[in-house]
Amino acid sequence: MVTAATPTSRSYSNADWQQGYASLLQEHSYWIDEVEGQIPAELEGCLFRNGPGRLGVKDHLYGHPFDGDGMIARIQFQAGRAHFANAFVKTPEFLAEQAAGKILYRGVFGTQKPGGWLANCFDLQFKNPANTHVIYHAQKLWALWEASLPYQLDPVTLETRQQETFAGVLGNKDPFTAHPKLDPHTGDLFAFGVRAGLDSTLLFYRINPQGQLVEKSEHRIPGFAFLHDFVWTPHYRVFFQNPVSFNPLPFILGWQSAGTCLKLDPKAATRILIFNWQGEMITLETEPGFVFHYVNGFEQADQQLVMDVIFYEEYPSLKPNEDYRQINFDYVPAGKLYRFELDLLTKTVNRYPLSERSVEFPTIHPRTVGGSHRYIYIGATHAIGKNAPLQAILKVDVKTGQQELHSFAPRGFVGEPVYVPRPGSTAEDDGWVIVLVFNAATQRSMVAILDAQSFSKKPLALLHLKHHVPYGLHGMFTPEVFDLGI
């Protein structure tokens, strides 16, 4: 077991952290037999995770982990046991690079084809790595990447089926967010896509509980828009239009990847775009900064909105040709948990921090999505101060301000936590927090199950995998248990 360390100015070593970025080339399927503690008997269902499982082709590494090939991991909990399986999302680009044994496509964030600028100039085709999120909805499993269509997979075998067009409602070039929101009351799934340009287009989608895309609309917004996530409430969709600009020339001429051509203007305001359900847009402004992820948002009386977000003072990007494994965290902008209060009548914005620790990848009770929440569970640095790898999970009580930390430092590194409510529970924190942890001491990953109400105590169970899982991005839990035939 990885034990919590005494807070220090540096709770990790770069060498340990770097090891979690090794590719996992094999696909596995096995029962997890090495377990410390006990899996709760009531915990039944599947945890699905997505992230870059392959970070290069043979000896050629991708320039950024976000360009890595999507790999779905599934941990099924059943009758006090757990089964692990993983599989790559076998997109045409993945299969082509596997067959060629080399990089064939440019990536959005940092990957260039071998051969210098001549090999990359005027090649504006991006690879779809299908690596950002995985959603199970209407008995369909989708691997998501925000600039293209989802890929549908078999939830039992994890076999890649086809791109999801929702019976032809979406075209091949329609973008689909990696962060849809599920209405806990109706079972509808709300999503969006963005076509960025000098002026941009937002596409709004609604998918009913049967998996049919029943609403699609387009909305023009002024200026370039890099929108990764959004806030959904019963009456609004809210986006932070970060004040970033895109200089296409270095990308078109093959000098740089697209992601390194983005720049945040520290003197320009962040625009908050608020759409009501008639499609009308209200625009507010706040301080410059960058937002990847939102915790949640909810409505209050008199046209007021409250949103908890992860806010960066600067855009956290890599420089051209910079090795992401060699970054100095002391100079990487830290994501901080902020509360924003929006008054749509006076058109004013108030914000204040909820934690001083650097954090990312928030989760909440699924029934509170779009409504008032009390508890946030979020990946965090072990120590307060400068940025660092995520080694802990922080529980934040936004009502009392109390914070509890469960740390896996010094040699453990965490991904996004997922909150799973206990069946039949009524208390918002009566459940479990499940997180994948890379243990540098063993070069393997483990699944940690934490009691949400006894958060800083010893994990209820640590499930040791036979191998590591590269640092992932997003995932979700479904109470459905599949017949694996084993």
Please lay out, stage by stage, how Arg374 and Asp397 fare under the test side-chain contact (heavy atoms from CB on, under 4.5 Å).
CA-CA 6 Å; Arg374 176 172 178 177; Asp397 184 337; 2.9 Å; yes

Under the side chain to side chain donor-acceptor pair (under 3.5 Å) rule, what do Glu428 and Thr368 come out as? Steps first, then yes or no, please.
CA-CA 9 Å; Glu428 190 181 325; Thr368 65; 4.7 Å; no

Step-by-step side-chain contact (heavy atoms from CB on, under 4.5 Å) determination, His235 to Glu299
CA-CA 8 Å; His235 296 98; Glu299 303 169 21; 2.9 Å; yes

Using the rule given for side-chain contact (heavy atoms from CB on, under 4.5 Å), can you reason through Tyr375 versus His365, listing the C-alpha separation, both sets of side-chain angles and the distance that settles it, and then say yes or no?
CA-CA 8 Å; Tyr375 299 107; His365 194 302; over 6 Å; no

Evaluate the side-chain contact (heavy atoms from CB on, under 4.5 Å) criterion for residues Val469 and Arg49: first the C-alpha distance (whole Å), next the side-chain angles of each, then the deciding distance (0.1 Å), finally the verdict.
CA-CA 10 Å; Val469 175; Arg49 304 286 305 153; over 6 Å; no

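Classification of the Trp142-His137 ring pair by plane angle, with boundaries at 30° and 60°, yields tilted. Ring pair Phe298/His373 is perpendicular by interplanar angle, where above 60° counts as perpendicular and below 30° as parallel. The aromatic rings of Phe438 and Tyr471 sit perpendicular, their planes meeting at an angle over 60°, well past the 30° parallel limit.
Separating the CZ atom in Phe329 from the CG atom in Asn387 is a distance of 6.5 Å, to the nearest 0.5 Å. If you take CD on Glu404 and CG on Leu450, they are separated by 11.0 Å, rounding to the nearest 0.5 Å. To the nearest 0.5 Å, atom CG of residue Leu43 and atom CZ of residue Arg422 are 9.5 Å apart. Atom CG in Leu394 sits 8.0 Å away from atom CG in Leu337 (nearest 0.5 Å). For the atom pair CZ (Arg351) and OH (Tyr338), the distance works out to 4.5 Å, reported to the nearest 0.5 Å. Expressed to the nearest 0.5 Å, how far CG of Leu189 lies from CG of Leu182 amounts to 6.0 Å.
Ring-centre distance between Phe408 and His382: not below the 6.0 Å cut-off. Centroid-to-centroid, the aromatic rings of Phe239 and Phe192 come within less than 6.0 Å. Taking the ring centroids of Phe204 and Trp232, they lie at or beyond the 6.0 Å cut-off. Aromatic pair Phe340/Phe240: centroids less than 6.0 angstrom apart.
With sequence neighbours left out, Phe226 forms a ring pair (Phe, Tyr, Trp, His ring centres under 6.0 Å) with Phe290. Every residue two or more places apart in sequence or in another chain was checked for a ring pair (Phe, Tyr, Trp, His ring centres under 6.0 Å) with Phe48, and none qualifies. Scored by the ring pair (Phe, Tyr, Trp, His ring centres under 6.0 Å) test, Phe84 finds Tyr30, His467 as partners (sequence neighbours excluded). Scanning for ring pair (Phe, Tyr, Trp, His ring centres under 6.0 Å) contacts around Tyr105 gives an empty result, with sequence neighbours left out.
Between Ala452 and Lys395, the closest heavy-atom pair is O-NZ, 2.7 Å. Cys261 approaches Gln256 most closely through the heavy-atom pair SG-NE2, 3.7 Å. The two residues Pro209 and Asp188 come nearest to each other via the heavy atoms CD-OD1, 3.2 Å. A pairwise comparison of heavy atoms in Gln241 and Pro222 identifies NE2-O, 2.9 Å as the closest pair. Across all non-hydrogen atoms, the minimal contact from Tyr312 to Val359 is OH-O, 4.4 Å. Across every non-hydrogen atom of Ala178 and Glu146, the tightest pair is N-CB, 3.8 Å.
Looking only at side-chain heavy atoms (C-beta outward), Glu416 and Leu390 stay at 4.5 Å or farther from each other. The closest side-chain heavy-atom distance from Arg444 to Leu465 is not below 4.5 Å. In this structure, Asp308 and Asn296 have side chains that are not in contact, with every pair of non-hydrogen atoms separated by 4.5 Å or more. Taking the side chain as every heavy atom from C-beta outward, Val414 and Phe361 never approach each other to under 4.5 Å. Residues Glu164 and Phe176 have side chains not in contact (no heavy-atom distance under 4.5 Å, counting atoms from C-beta outward). Inter-residue side-chain proximity for Leu149 and Thr165 is flagged as met; some heavy-atom pair is nearer than 4.5 Å. Between Arg237 and Leu202, the closest side-chain pair of non-hydrogen atoms is not below 4.5 Å. Looking only at side-chain heavy atoms (C-beta outward), His293 and His179 come within less than 4.5 Å of each other.
Residue Val291 is tested with Asp229, Asn242, Leu227 for a side chain to side chain contact (heavy atoms under 4.5 Å, CB included); the sole match is Asn242.
A donor-acceptor pair under 3.5 Å links the side-chain atoms of Thr160 to the main chain of Lys90, judged by distance alone. Using a distance-only test at 3.5 Å, with no hydrogens or angles considered, a donor-acceptor pair links the side chain of Ser425 to the main chain of Asp430. Asn131 places a side-chain N or O within 3.5 Å of a backbone atom of Phe66 that can act as its donor or acceptor partner. Proximity of a side-chain donor or acceptor of Thr111 to a complementary backbone N or O of Gly63 within less than 3.5 Å is detected. With hydrogens and angles ignored, the 3.5 Å screen pairs a side-chain donor or acceptor of Thr270 with a backbone N or O of Gly289. In this structure, the side chain of Gln304 does not engage the main chain of Asp343 through any donor-acceptor pair within 3.5 Å. Side-chain atoms of Asp67 come within 3.5 Å of backbone atoms of Gly110 as a donor-acceptor pair (strictly under, hydrogens ignored). For the pair Ser23 (side chain) and Leu55 (backbone), a donor-acceptor distance under 3.5 Å is present. Judged by distance alone, the side chain of Asn86 and the main-chain N or O of Ala73 form no donor-acceptor pair under 3.5 Å. Panel note: side chain Gln403, backbone Leu354; a donor-acceptor pair is recorded below 3.5 Å.
For NZ of Lys140, the number of neighbouring non-hydrogen atoms (other residues, nucleotides, ligands) closer than 6.0 Å is greater than 12. More than 12 heavy atoms of other residues, nucleotides or ligands sit less than 6.0 Å from atom CD of Glu480. Within a 6.0 Å radius of CG in Asp330, more than 12 heavy atoms belonging to other residues, nucleotides or ligands are found. By the neighbour-count criterion of 12 heavy atoms within 6.0 Å, atom CG of Asp302 is sparsely surrounded, having that number or fewer from other residues, nucleotides or ligands.
Evaluation of the salt bridge (Lys or Arg N to Asp or Glu O under 4.0 Å) test over residues 257-283, restricted to residues two or more places apart or in two chains, returns none. Residues in residues 446-455 take part in these side chain to side chain donor-acceptor pair (under 3.5 Å) pairs, two or more places apart or across chains: Asp429-Gln453.
Salt-bridge check for Asp69 with Lys127: passed, with a basic side-chain N closer than 4.0 Å to an acidic carboxylate O.
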